[in-house]
Amino acid sequence: MTLKLFNTLSGKLEEFVPENPPKVKIYTCGVTVYDESHVGHGRSLIVFDTFRRYLEHLGYKVRFVRNFTDVDDKIIDRAKSECKHFMEIADRYIARYYEDMEAIGVRPADVEPRVTDHIPEIIELIKRLIEKGYAYATPEGNVYFSVEKFKEYGKLSKRSIDELIAGARVEPGEDKRNPLDFALWKRSKAGEPAWESPWGEGRPGWHTECVAFVFKHLGETIDIHGGGLDLVFPHHENEIAQAEALTGKPFARYWMHNGLVIVNGQKMSKSLGNFVTLKEIYTKYHPDVLRLLVLSVHYRSPLDFSWEKMETSKKVYERIRQAVEDYETLKTLKVEETAEGGVHPLYSTIKETEEKFFKALAEDFKTQEALAAVMELISEMNKIRNEAFRTKTVSKAALEAYGAAVNSIKNTLRNIFGLLEDVLPRCPVREVVRKELEPASAVLDESLIDLLVEVRQMARERKVFDIADKIRDALKEKGIVLEDTPFGTKWKRA
RNA sequence: GGCGGCGUAGCCAAGUGGCUAAGGCGGGGGACUGCAAAUCCCUUAUUCCCCGGUUCGAAUCCGGGCGCCGCCUCCA
């Protein structure tokens with residue numbers, strides 16, 4: 001099956017063919033580590049983590065690089081306001097970032113470069129740009145990329161230089177030759193992080209780092225470059241300008257951009273203050289619920305975040321999880337040998353589901369459609385479960401088919417979508433992370449819950465239903481939901 | 001203002017020229033249950049923002065409106 005991807009550069013759906021199969025080189029822009037990661041960051045990270053897993057599933061040997069921007073104005077401002085060294089701020093938020101990513105199942109990249117570890121490479125890159133005449137140093141100690149020197153400037157974001165100049169804002173006191181020129185090297189002010197360079201003490205501009213990282217860790221041309229839609233201009237446009245000015249070769253063959261997270265019609269962002277941090281999500285929901293929500297929407301569409309959507313997503317998640325976990329109960333039932341031969345009908349549903357699943361992903365990575373296919377399989381699984389629970393027996397064929405369905409879900413939703421990693425099989429690390437993030441008030445002692453459930457069962461057996469219901473209601477208020485099944489009462493946290 | 005994208009049921013979201021307009025949430029009815037919850041079955045858009053046009057045939061293509069979002073400044 002051939003994978004088709006929407007390439008921002010061409011504005012069209014294109015067949016994906018790596019330059020050197022089976023190798024695929026991907027770079028995505030990571031985060032600037034000056035504060036907590038929010039749902040907007042989370043979306044981008046989840047999308048590209050899932051996409052990477054999918055490529056690996058297709059058999060590609062993926063080399064994935066995602067950076068940390070650990071020197072920038074915001075980090076410096078934060079450091080000043082806390083009277084700390086900027087590296088301390090960066091290290092703190094990188095550590096926080098890893099907690100968030102581990103919880104949500106975003107795997108580390110193969111290489112995770114930091115600006116502060118690549119200063120020589122960045123300086124070298126700037127020197128080469130100056131030598132080739134694409135950049136100039138000013139007497140003030142800044143270095144700028146000269147946009148008009150790069151004829152194809154604007155090809156990614158579909159803008160013309162003239163149009164950009166017309167709308168450009170001229171900042172007073174800037175030493176640029178052209179208002180569109182962007183800083184490759186910035187002279188440091190007193191007390192700011194600074195590195196020695198041929199142009200005096202300074203620090204790198206933002207757009208240069210990604211090019212330096214790509215050149216060093218992936219090469220001059222990569223297969224896929226990803227990031228949020230808000231990075232198309234100017235960030236990615238500026239990356240192309242630098243890289244292609246130097247090499248004359250395409251910087252990235254496919255450009256993938258994820259749509260932004262919207263809150264009440266506006267982009268979620270730090271500056272608007274309408275953001276929800278991943279940590280806040282985790283105190284209210286299993287991290288998979290957010291992961292599922294993100295994958296329930298096409299990666300290029302806007303995702304309108306709301307707590308109502310989280311609730312919906314949670315219901316869907318519980319439905320999936322339940323179907324998978326019920327396999328364990330099913331295995332404890334009395335198994336009946338199947339009389340008739342034939343293949344259990346569930347197998348054909350599994351096959352259809354997988355076909356739809358992979359067809360959807362092959363078409364511009366339509367995770368939402370792939371997910372819909374799995375929901376149909378879940379319904380069929382639940383029918384078997386219902387019948388088995390009712391009769392307290394299960395046919396050997398049905399049990400095997402159910403097991404095959406669970407395996408199929410392992411392949412699709414766990415291995416590729418990164419969901420259910422704490423269920424299939426138990427992943428202690430993610431459980432620990434989650435528990436640490438849960439508010440103390442939510443953690444009712446488990447042995448106490450078990451005791452209450454037991455007492456309630458005694459009341460039910462004696463038909464003292466008012467007491468039984470009182471216990472159920474009281475636990476519900478504490479966020480514990482009871483379900484009476486043919487195999488006793490189960491409880492779970494809401 | 002320029003550029004890019006989007007408008008499908010109460011809500012989210014597939015479908016991109018022709019089978020009965022996926023799937024989920026919510027709502028209604030039923031089965032199950034002591035009652036619930038979960039699950040299953042049935043049901044919930046004669047119609048796809050509006051107006052024209054192309055076509056035997058359009059939600060899907062074209063033209064024109066209206067509305068929404070993003071980018072144009074740091075931003076995943």
Side-chain angles (χ1 to χ4, degrees), chain A residues 6 8 11 28-32 34 37-48 66 69 72-74 77 154 156-160 162-164 166-169 171 180 206 226-235 237 257-262 265-272 275 292-293 296-298 300-304 306 308-309 311-316 318-320 322-323 326 356 360 363 366 368-376 378-387 389-390 460-461 463-466 468-469 472-473 476 481-486 489-492:
Chain A
F6 183 87
T8 309
T28 66
C29 294
V31 293
T32 300
Y34 73 101
S37 298
H38 60 64
V39 173
H41 304 117
R43 179 182 193 190
S44 191
L45 293 158
I46 289 166
V47 162
F48 287 105
R66 181 174 51 214
T69 298
D72 117 313
D73 290 345
K74 285 174 179 167
D77 288 348
L156 181 70
S157 55
K158 317 278 187 275
R159 286 154 219 252
S160 69
D162 294 343
E163 163 201 313
L164 284 164
R169 193 186 301 176
E171 297 285 334
L180 294 185
W206 178 40
L229 198 59
D230 53 354
L231 296 183
V232 174
F233 189 89
H235 186 53
E237 196 70 70
H257 292 98
N258 62 276
L260 304 180
V261 175
I262 306 298
Q266 275 189 310
K267 171 180 166 181
M268 178 180 286
S269 74
K270 278 276 154 54
S271 47
L272 288 167
F275 60 93
L292 184 66
L293 174 62
S296 306
V297 178
H298 184 56
R300 290 196 285 119
S301 303
L303 166 54
D304 216 325
S306 68
E308 290 73 27
K309 286 220 176 79
E311 278 300 311
T312 299
S313 182
K314 179 183 167 183
K315 283 179 182 149
V316 176
E318 290 296 337
R319 185 175 158 87
I320 297 166
Q322 188 70 247
D326 280 341
K356 283 185 193 167
E363 201 179 310
K366 293 194 173 175
Q368 79 284 38
E369 225 177 303
L371 196 61
V374 178
M375 295 318 290
E376 294 177 61
I378 302 273
S379 282
E380 292 305 313
M381 290 167 74
N382 283 333
K383 284 177 199 170
I384 291 175
R385 183 206 83 135
N386 261 14
E387 179 63 14
F389 280 17
R390 192 178 63 77
R460 289 179 70 212
E461 279 162 11
K463 309 227 183 287
V464 190
F465 294 118
D466 53 339
D469 292 349
R472 184 169 62 195
D473 293 346
K476 191 173 182 184
V481 179
L482 300 192
E483 289 178 18
D484 298 325
T485 76
T489 300
K490 296 204 301 184
W491 64 264
K492 62 182 181 185

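Proteins get letters first, then strands, A, B, ... in listed order; numbering begins at 1 in each.
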Would you indicate what [X] reaches in the nucleic acid, counting non-hydrogen atoms under 4.0 angstrom: base, sugar-phosphate, or nothing?
X	value
A:Gln266	sugar-phosphate
A:Gly226	nothing
A:Leu482	base
A:Arg159	base
A:Ser157	sugar-phosphate
A:Lys315	sugar-phosphate
A:Arg300	nothing
A:Lys490	nothing
A:Lys270	nothing
A:Phe233	sugar-phosphate
A:His298	sugar-phosphate
A:Thr32	sugar-phosphate
A:Leu231	sugar-phosphate
A:Gly227	sugar-phosphate

Length of the [atom1]-[atom2] vector between [X] and [N], whole Å:
X	N	atom1	atom2	result
A:Arg472	B:A38	CZ	P	11 Å
A:Arg390	B:C32	CZ	P	10 Å
A:Phe389	B:U33	CZ	C1'	15 Å
A:Asn258	B:G4	CG	C1'	15 Å

Going by an N to O cut-off under 4.0 Å, is there a salt bridge joining [X] and [Y]?
X	Y	value
A:Asp469	A:Arg472	yes
A:Arg159	A:Glu237	no
A:Lys315	A:Glu318	no

According to the Watson-Crick and G-U wobble definitions, with both distances under 3.5 Å, which nucleotide is paired to [N]?
N	result
B:C71	B:G2
B:C61	B:G53
B:U39	B:A31
B:A22	none

#### Entry: N/O donor-acceptor pair under 3.5 Å between A:Lys356 side chain and A:Glu369 backbone
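A pair under 3.5 Å: no.
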Using a cut-off of less than 4.0 Å, is there contact between a side-chain N or O of [X] and OP1 or OP2 of [N]?
X	N	value
A:Lys267	B:C71	yes
A:Gln368	B:A14	yes
A:Asn382	B:C40	yes
A:Ser379	B:C40	yes

**OP:** Between A:Phe6 and A:Gly30, name the one whose nearest nucleotide on RNA chain B is closer to the 5' end.
**Re:**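 The answer here is A:Phe6.
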**Request:** Name the residue closer to the 5' end of RNA chain B, choosing between A:Leu303 and A:Lys356 according to the nucleotide with the nearest heavy atom.
**Result:**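 Its nearest nucleotide lies further toward 5', so the answer is A:Leu303.
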Consider the side chain of [X], meaning its heavy atoms from C-beta on, and name the nucleotide among [options] that approaches it most closely.
X	options	answer
A:Val481	B:G24, B:U39, B:A37	B:A37
A:Arg385	B:C74, B:A38, B:A76	B:A38
A:Val261	B:C25, B:G23, B:A76	B:A76
A:Lys74	B:G15, B:C74, B:C12	B:C74
A:Gln322	B:C72, B:C40, B:A38	B:A38
A:Asp484	B:A36, B:G70, B:G23	B:A36
A:Arg319	B:U39, B:G15, B:C41	B:U39
A:Leu229	B:G70, B:A76, B:G34	B:G70
A:Met375	B:C41, B:A22, B:G24	B:G24
A:Ala468	B:G34, B:G15, B:C72	B:G34

query = How far does the C1' atom of B:C56 sit from the matching atom of B:C51, given to the nearest Å?
reply =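 Pairwise C1' distance, B:C56 against B:C51, rounds to 23 Å.
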Below 4.5 Å, heavy atoms only, C-beta onward: do [X] and [Y] meet side chain to side chain?
X	Y	value
A:Leu371	A:Leu292	yes
A:Asn386	A:Arg390	no
A:Arg460	A:Thr489	yes
A:Lys270	A:Tyr34	yes

